[in-house]
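Letters go in sequence order (proteins before strands), and every chain restarts at 1.
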Amino acid sequence: MAIEIKDLCHTYSRGSAFAKKALNQVNLTIDSGSFVGLIGHTGSGKSTLVQHLNVLLRPESGQILIDGEDINADKARLKAIRTKVGLVFQYPEHQLFDMTVYKDVSFGPKNAGLEEDEIKERVEAALTLVGIAPELWEKSPFELSGGQKRRVAIAGVLAMRPEILVLDEPAAGLDPRGRNEILDQIKQMHETLKITVILVSHSMEDIARLVERILVISHGEIVLSGAPAEIFAQIEALEALGLSSTQTAYIMRDLQAKGMSLPDNIFTVEDAVAAILRALK
Amino acid sequence: MLKVTIGQYYPAESFIHRLDPRMKLLCTLLFIVFIFFITNFLGYIAAAIYLALIVRTSTVPPRFLLRGLRAIFFIIIFTAVLNIFFTAGETIVLQLGGFRITQEGLLNAGRMALRLIMLIIGSSILTLTTTPIQLTDAIEYALKPLKKIRVPAHEIAMMMTIALRFIPTLMEEMDKIMKAQMARGADFDTGGLIKKARSLVPLLVPLFISAFRRAEDLALAMESRCYRGDVGRTRMKKMKMAGRDYAALGVLLLLIAAIFALNYVAGVFGIW
Ligand SMILES: Nc1ncnc2c1ncn2[C@@H]1O[C@H](COP(=O)(O)OP(=O)(O)O)[C@@H](O)[C@H]1O
Ligand SMILES: [Mg+2]
């Protein structure tokens, strides 16, 4: 078991007039090497939850165990934990700062105190993995396009070689093509690097075709969890939470209502096409 | 959202809150000037009573005022200590090696501390009961006469308004960037001065870039709504002096008169 969260609570500005309870008794486990999606509408506590995973926020109460280790127990282990858990923030391109793409990506490995050769190898591997061509490595990150910037920023986290990669809305604000590219690359990373990936999103479509398991968070509590098929079948429950199932799931439901004989539990475009063709034969 | 209370406005509906911001600004300035005219403890008592009345009327909980005092606690202590040791005087209270503590020194220290405390409480009341926007309006008005000598009063006020508006946004942004760099192993806390200064680069570069981007967006948005500065501009909320504003000024003038009267009395009877 990679990650185990027990009774996690978090309140912002605790004890002041602006106190805001953002997480309430969160319990969950995430297996090593799995690909998990975290879904919830804006303000539901997704970012708060994932920032606990590498000790950027500390729990008000509760515990977070990673590979059995309580990550808040020992301050001296902070660096090791932040290396183990890579967190890509929402709009990560806003954190780019260095003169060149290469230097920016090497910021993390340098902070980890690695040797020059090791840094070089990691940076090149990370940039290649996110599909940034070597011609761009010596350019200023600010000259790149939005999608490229974001991929450079993701490479900056990948270069730390985390065992657990957490991405907070990595596709937000990109055009459809940029979205698909990034999401496909994340899927690929999961497969080639065999790392645990937690993908935060409020878009069902993005998550549906990628992840193995979905956690639904609402008002700071995990309210549903299960395989995509189980989650997306619960259209009413999702709607009650202010979310929706995938568009495909709605189309399939409407087609069923119109009398077409289709199987349940279809929520991606690819599966839907196959099922509809089969039904029409 | 990260809630930062700038100038820590305390929302309420008191008499003081409803005063015209220009009058509040004027009264605060007058108060600050005239507490430096006080020569004796009777005057301080009068000023303290006046302040206490204002605080009561404003309905601001005293702990908000104390918070402001805590921030400058060390400055108060520091000036008090300086005054104790470096005031020349005759009546020696205590001899400590080369230093001597004199009665004059102690009195001076006490006076200075009282003035500072009253100054802070007085100006805190202003910022606690006046929204930043109202305050800049008042400052713009106060700067108006300087327009004759080409001081861009409106522009200064507009810049202050914008700055105030963006401080919380930038704080939030800084919090985010800081966390993001910490996630990449950045360390903002340890190391010597040079290392600390260098560690700020990954924080400040993105922050400035985002501030410039926001500034550009805002400029565009203002221009596309035909903003062209002061000329011919009217206000949605016109500031208007009312009876209560003159009443407030009257009470302050009473205090000032009392200060001078007490100074005179103290001078005659030799009260310190
Ligand atoms: N720094 C902060 N200070 C105070 N409240 C915050 C802060 N960050 C988030 N919140 C509040 O906590 C709740 C959860 O926020 P967040 O975890 O960012 O949600 P999400 O990422 O799902 O949109 C929201 O109501 C938000 O307003
Ligand atoms: Mg978020």
### Summary
A/Lys149 meets the salt bridge (charged side-chain N to carboxylate O under 4.0 Å, His left out) criterion, sequence neighbours left out, with none
### Query
Relative to chain B, which segment of A/Leu96 carries a heavy atom at a distance below 4.5 Å: side chain, backbone, both, or neither?
backbone
### Message
Looking at B/Asp175 and B/Lys179, is there a salt bridge between them, counting it only when a charged N and a carboxylate O are closer than 4.0 Å?
### Response
yes
#### Entry: Residues that B/His154 engages under side chain to side chain donor-acceptor pair (under 3.5 Å), provided they are two or more places apart
B/Glu140, B/Tyr227
### Task
Tell me, for A/Leu78 versus chain B, whether the close heavy atoms (under 4.5 Å) come from the side chain, the backbone, both or neither.
neither
#### Entry: A/Glu181 bridged to A/Arg150 by N-O distance under 4.0 Å
no
### Message
I'd like to know which of A/Met160, A/Lys110, A/Lys20 tops the heavy-atom pair count under 4.5 Å against chain B.
### Response
A/Met160
### Task
Could you look at A/Asp104 and say if it's the side chain, the backbone, both or neither that has a heavy atom under 4.5 Å from chain B?
both
